[in-house]
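Start at 1 and go down the list; that is how both ligands and their atoms are numbered. Computed over heavy atoms, backbone and side chain alike; hydrogens, waters and symmetry mates excluded.
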Amino acid sequence: MTTRRHFIWLLPASGAALLSACSESAPPPSAAPPAAAPASSAEYPVPAPAPAPEVAQTPAATGPMLEASDPTAAALGYVAVAANADKAKYPNFVEGSACSNCTLYQGAIGSEAGPCPLFPGKQVAAAGWCASYVKKAT
Ligand code: SF4
């Protein structure tokens, strides 16, 4: 029967025996052969990278430009150049407002035109404006 006292007595003796066994059988680190590189990639095939996911193109991003004569555009007072907005009819017009700084504008920063959800399938001019303008939060 092994008691705790017997185990404690055996521990240093077994540790010393283990150390001596390791030091006799293991070669010195400098004698170890260098790890061989694989002969070819066929030996260790590398999986092909996964194809990049396709970026969804918004159809409107390539759609035609919205014309001010479009019925919806006319109803909202859309103009391709904000400065040409009818200020008498739309007194809420604020100088400096334009599609490019409207919260609904979906064109890239610096783009000349981009989609607007109010005019699906069309692009609005970044310099444009309509009565539904909502200043983009900064
Ligand atoms: Fe331009 Fe905004 Fe009007 Fe769309 S809602 S046309 S982005 S001002």
Side-chain angles (χ1 to χ4, degrees):
M1 177 173 213
T2 305
T3 63
R4 184 170 33 165
R5 181 174 296 160
H6 185 72
F7 175 76
I8 292 171
W9 181 80
L10 283 176
L11 194 59
S14 61
L18 185 62
L19 276 177
S20 68
C22 288
S23 63
E24 288 172 11
S25 61
S30 60
S40 68
S41 62
E43 197 171 324
Y44 298 100
V46 178
E54 287 191 26
V55 177
Q57 276 281 329
T58 305
T62 57
M65 290 299 295
L66 176 68
E67 298 292 335
S69 59
D70 178 280
T72 308
L76 292 175
Y78 172 81
V79 286
V81 177
N84 296 338
D86 186 345
K87 285 121 184 145
K89 190 172 180 183
Y90 302 104
N92 62 334
F93 176 82
V94 176
E95 285 295 329
S97 59
C99 291
S100 60
N101 55 39
C102 173
T103 193
L104 296 177
Y105 185 68
Q106 297 176 339
I109 294 172
S111 61
E112 292 188 12
C116 171
L118 297 185
F119 306 102
K122 305 268 176 75
Q123 292 191 78
V124 297
W129 181 89
C130 87
S132 295
Y133 172 85
V134 177
K135 185 174 174 35
K136 187 182 290 184
T138 54

>> As an exercise, identify every atom of ligand 1 less than 4.0 angstrom from a heavy atom of L118.
In response: 5 (S)

> What protein heavy atom sits nearest atom 2 (Fe) of ligand 1, and how far away is it?
Replying inline: C102 SG, 2.3 Å

>> Just so I know, are the side chains of Y78 and L118 near enough to count as touching, which here means a heavy-atom distance under 4.5 Å?
In response: no

> Out of curiosity, C102 SG to K135 NZ, how far, rounded to the nearest 0.5 Å?
Replying inline: 10.5 Å

> Who's the nearest protein heavy-atom neighbour of atom 1 (Fe) of ligand 1, and how far?
Replying inline: C99 SG, 2.2 Å

> Could you go step by step and tell me if W129 and Y90 meet the side-chain contact (heavy atoms from CB on, under 4.5 Å) rule?
Replying inline: CA-CA 11 Å; W129 181 89; Y90 302 104; 3.6 Å; yes

> Once you round to the nearest 0.5 Å, how far does OG of S111 lie from OH of Y105?
Replying inline: 3.0 Å

> Quick one: nearest non-hydrogen protein atom to atom 4 (Fe) of ligand 1, plus distance?
Replying inline: C116 SG, 2.3 Å

> In ligand 1, which numbered atoms sit nearer than 4.0 Å to a non-hydrogen atom of F119?
Replying inline: 6 (S)

> What atoms of ligand 1 come within less than 4.0 Å of a heavy atom belonging to Y105?
Replying inline: 7 (S)

> Just by modelled atom types, is the M65 backbone N or O under 3.5 Å from a matching donor or acceptor in the Q123 side chain?
Replying inline: no

> Under 2.8 Å from atom 1 (Fe) of ligand 1, is there an N/O/S atom belonging to C130?
Replying inline: no

> Between the main-chain N or O of G77 and the side-chain N or O of D86, is there a donor-acceptor pair closer than 3.5 Å?
Replying inline: no

